[in-house]
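Okay, structure first, notes after.
Quantities reported herein were computed from a predicted structural model and do not represent experimental measurements.
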Amino acid sequence: MSLGNRLKNAREASFLSQKDVAAKIGVSNSVVSNYERDYRDPDTENLKKLAILFNVSADYLLGLTNVLRRLDHTDYVEIIEDKDLRTWWEGLPKENIKDLKTLKNMWELIKARNNDD
């Protein structure tokens, strides 16, 4: 199965339109369409965004594995889309999911404390 087919399947499994995906990763609708029709491949940054958005590994999207493995990144999509936190997020080491989960828990505590005030 091609990268385009895997992207389309992952998008449909996520109940998102091409327009939704385009808005979430910051590209035009035609770019997403070109990805899915194998007219164009996403660059590394967009491939990473797509893997996080669809909650699958980049290895799956690239066809290096057929195991549709769901990742723990979906909890962090909100953070990625928050413009105020984008710079902070991009500086974090993404390969250490344990640290990211700890940071997310800390963030939840801060939000809860602010809501109690």
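Atoms NZ and OG, on Lys19 and Ser30 in that order, are 13.0 Å from each other to the nearest 0.5 Å. Within the model, atoms CD1 of Ile25 and CD1 of Ile52 stand 11.0 Å from one another, a figure rounded to the nearest 0.5 Å.
Within 6.0 Å of atom CE in Met1, more than 12 heavy atoms from other residues, nucleotides or ligands are found, so the atom counts as buried in its surroundings.
Residues that satisfy the side chain to side chain donor-acceptor pair (under 3.5 Å) test with Ser17, not counting sequence neighbours, are Asp20. The side chain to side chain donor-acceptor pair (under 3.5 Å) test applied to Asp38 returns Ser2, not counting sequence neighbours. Considering only residues two or more places apart in sequence or on other chains, Asn34 meets the side chain to side chain donor-acceptor pair (under 3.5 Å) condition with Arg37.
Minimum interatomic distance between Ala58 and Ala51 (heavy atoms only, all atoms of both residues): N-CB, 4.0 Å.
Side-chain heavy atoms closer than 4.5 Å link hydrophobic residues (I, L, V, M, F, W, Y) into clusters, and following such links, possibly through other members, connects Leu64 to Tyr35. Under a hydrophobic clustering in which Ile, Leu, Val, Met, Phe, Trp and Tyr are joined whenever their side-chain heavy atoms come within less than 4.5 Å, directly or via other members, Tyr39 and Val21 fall into different clusters.
Between the side chain of Ser33 and the backbone N or O of Asn29, no donor-acceptor pair lies under 3.5 Å. Counting only distance, with no hydrogens or angles, the side chain of Arg6 and the backbone of Tyr60 share a donor-acceptor pair below 3.5 Å.
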task = Just do the side chain to side chain contact (heavy atoms under 4.5 Å, CB included) check on Leu50 and Val56 with the steps written out, would you?
result = CA-CA 8 Å; Leu50 289 163; Val56 298; over 6 Å; no
